[in-house]
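A short write-up of the structure that comes next.
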2 protein chains.
Amino acid sequence: MINLKNTLFEKKLKVTPQRLKVLEAVYNISHPTAEDVIKYIRKRYFDIATGTVYKILETFVEKGLIKKITTDKDIIRYDGILKPHHHLYSLEGNLIKDYIDEELDKILQEYFKHKKISDFEITEISLQIKGKFNK
Amino acid sequence: MINLKNTLFEKKLKVTPQRLKVLEAVYNISHPTAEDVIKYIRKRYFDIATGTVYKILETFVEKGLIKKITTDKDIIRYDGILKPHHHLYSLEGNLIKDYIDEELDKILQEYFKHKKISDFEITEISLQIKGKFNK
DNA sequence: TTCTTAAAAGAGAATAATTCTCATTTAAGA
DNA sequence: TCTTAAATGAGAATTATTCTCTTTTAAGAA
Ligand SMILES: [Mn+2]
Ligand SMILES: [Mn+2]
Ligand SMILES: [Zn+2]
Ligand SMILES: [Zn+2]
């Protein structure tokens with residue numbers, strides 16, 4: 001259980017009710033959209049302007065408190081899990097699940113220690129695994 | 001050099017000038033947006049309605065002639081390369097480059113032949129490699 | 001080679017996701 | 001408590017995409 005106030009404070013961000021709840025939302029929802037975050041806050045706490053949520057999410061990404069994840073939709077999704085990890089994408093619906101696999105990470109790390117990509121400096125590697133969830 | 005007409009014909013798609021040029025565009029532009037495709041066609045050939053391009057792109061995806069690729073922007077990008085491959089994403093700009101590495105593919109294939117993911121059937125695995133292009 | 005017709009394309013309005021502008025409020029430090 | 005830069009809110013604007021409806025056309029039938 002992380003202290004949200006302190007998380008903001010450490011990044012020199014003003015501690016506002018809106019920021020606290022947006023952070024809580026992204027930590028509690030799996031790969032939420034901005035809309036998901038807005039619903040989460042409005043249902044539980046208070047009304048909040050959509051522009052405020054978009055602004056806060058962007059700020060958090062810049063400060064490294066959250067990440068964006070990639071999708072093939074015209075919609076942005078966020079991730080509260082900072083540790084590099086992989087994602088399982090449903091080919092049918094919109095479901096995205098985390099996939100954590102340290103053995104795989106070691107294999108990849110080892111592979112790219114030797115194999116260099118010309119003119120490119122790797123920061124982060126993640127797998128996109130597309131397929132079907134068997135309910 | 002592929003025969004575009006025949007590609008459409010084989011998928012039982014009516015061969016229209018618009019479809020031929022959209023297909024050509026996706027094959028010739030690296031990871032284009034719908035807007036990129038529209039510009040490509042308007043500059044070289046003829047005017048085309050934006051709705052037509054979106055519709056055609058969607059049809060091509062359904063028929064497996066092209067793929068969507070994932071981004072962390074609210075914009076959809078397409079890929080004319082059907083063979084599974086990986087992508088290098090620039091952390092700064094919008095640049096996305098293909099990364100093809102058969103040795104790596106073998107390693108992954110071997111790894112996931114044994115390692116099963118519970119309740120998930122893998123269709124396709126691709127790496128997202130984020131980092132910096134050294135121009 | 002016409003003729004027919006279902007499918008495709010086009011124009012433009014509608015919707016969805018995100019960003020912007022500017023007035024008001026507020027966190028935080030003096 | 002006071003001050004003020006920064007954050008929020010309301011709503012308009014912009015951007016990407018989809019939809020609706022009319023017109024055009026590819027392709028097979030006659
Ligand atoms: Mn949209
Ligand atoms: Mn947008
Ligand atoms: Zn995740
Ligand atoms: Zn590609």
Side-chain angles (χ1 to χ4, degrees), chain A residues 3-26 29 31-42 45-63 65-66 68-78 94, chain B residues 3-26 29 31-42 45-63 65-66 68-78 94:
Chain A
N3 183 333
L4 298 175
K5 278 190 200 187
N6 212 55
T7 304
L8 293 178
F9 186 78
E10 282 169 4
K11 295 289 183 180
K12 302 192 200 318
L13 291 171
K14 253 197 203 177
V15 177
T16 68
Q18 290 82 355
R19 282 180 173 165
L20 288 170
K21 298 313 181 191
V22 169
L23 196 53
E24 177 190 315
V26 178
I29 310 170
H31 312 113
T33 62
E35 203 51 49
D36 293 334
V37 170
I38 291 166
K39 279 193 192 131
Y40 180 99
I41 296 171
R42 289 190 180 156
Y45 302 110
F46 44 73
D47 195 22
I48 187 168
T50 67
T52 301
V53 171
Y54 279 99
K55 189 100 209 353
I56 290 175
L57 287 167
E58 192 52 44
T59 303
F60 287 178
V61 170
E62 278 163 16
K63 293 285 181 177
L65 286 177
I66 65 176
K68 291 186 182 183
I69 66 168
T70 66
T71 73
D72 61 7
K73 305 273 157 48
D74 76 319
I75 190 168
I76 297 172
R77 286 185 177 274
Y78 299 86
N94 273 31
Chain B
N3 183 333
L4 299 175
K5 277 190 200 186
N6 211 55
T7 304
L8 293 177
F9 186 77
E10 282 168 4
K11 295 289 183 180
K12 304 192 200 316
L13 291 171
K14 251 197 205 177
V15 177
T16 67
Q18 291 82 355
R19 283 182 172 162
L20 288 169
K21 297 314 181 191
V22 168
L23 196 54
E24 177 190 314
V26 179
I29 309 171
H31 312 112
T33 63
E35 202 51 49
D36 293 334
V37 170
I38 291 166
K39 278 193 192 130
Y40 179 99
I41 295 171
R42 288 190 179 156
Y45 302 110
F46 44 73
D47 195 21
I48 187 169
T50 68
T52 300
V53 171
Y54 279 99
K55 189 95 209 358
I56 290 175
L57 287 167
E58 193 51 42
T59 303
F60 286 178
V61 170
E62 278 162 16
K63 293 284 180 177
L65 287 178
I66 65 177
K68 291 186 182 183
I69 65 167
T70 66
T71 72
D72 62 6
K73 306 273 158 48
D74 77 317
I75 190 167
I76 297 172
R77 287 186 175 274
Y78 299 86
N94 272 31

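Every value quoted in this text rests on a predicted model; they were computed, and no experiment measured them. Convention: sequence-line order gives letters A, B, ...; per-chain numbering from 1. Keep in mind that the numbers below use all heavy atoms, side chains included, and drop hydrogens, waters and symmetry copies.
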key: Separation of atom CZ in F46(B) from atom C1' in dT25(D), rounded to whole Å   = 13 Å
key: Separation of dA27(C) P from I56(A) CD1 (nearest whole Å)   = 12 Å
ask   = What residues in residues 10-21 of chain A put a non-hydrogen atom under 4.0 Å from any atom of DNA chain D?
value = K14(A), T16(A), Q18(A), R19(A)
message = Quick check: do N94(A) and R77(A) have side-chain heavy atoms less than 4.5 Å from each other?
response = yes
Ignoring hydrogens and angles, write down the donor-acceptor pairs under 3.5 Å from the side chains of residues 8-15 of chain B, residues two or more places apart or on other chains.
from   : atom 1 : to     : atom 2 : distance (Å)
E10(B) : OE2    : N6(B)  : ND2    : 2.9
K11(B) : NZ     : K63(B) : O      : 3.1

key: Protein-nucleotide distance (I48(B), atom CD1; dA9(C), atom C1'), rounded to Å   = 8 Å
key: Nearest-angstrom distance from the residue atom CG of D47(B) to C1' of dT24(D)   = 15 Å
query = Can you tell me how far C1' of dT17(D) sits from NZ of K68(B), to the nearest Å?
reply = 10 Å
inquiry  = When both hydrogen-bonding distances must be under 3.5 Å and the geometry is Watson-Crick or G-U wobble, what is dA30(C) paired with, if anything?
reply    = dT1(D)
key: Check: R19(B) and K5(B) side chains under 4.5 Å, non-hydrogen atoms   = no
Closest to the D74(B) side chain, choosing from dT18(D), dA17(C), dT19(C) = dA17(C)
Whole-Å gap separating P (dT19(C)) and CD (E35(A)) = 14 Å
ask   = Where the side chain of I75(A) is concerned, which of dA16(D), dT18(C), dT18(D) is the nearest nucleotide?
value = dT18(C)
ask   = To the nearest Å, how far apart are K55(B) NZ and dT18(D) P?
value = 10 Å
message = Check the phosphate of dT19(C) against Y54(A), side-chain N and O only, distance under 4.0 Å to OP1 or OP2. Yes or no?
response = no
Distance, nearest 0.5 Å, that separates OG1 of T70(A) from CD1 of I76(A) = 11.5 Å
key: For atom CG of L8(A) and atom C1' of dA28(C), their distance in whole Å   = 14 Å
Member of D36(A), V22(A), D47(A), T52(A) meeting the side-chain contact (heavy atoms from CB on, under 4.5 Å) criterion with I41(A) = V22(A)
task = Test K21(B) against E24(B) for salt bridge (charged side-chain N to carboxylate O under 4.0 Å, His left out), laying out the working first.
result = CA-CA 5 Å; K21(B) 297 314 181 191; E24(B) 177 190 314; 3.8 Å; yes
Contact summary for A25(B) and V37(B), nearest pair of heavy atoms = CB-CG1, 3.9 Å
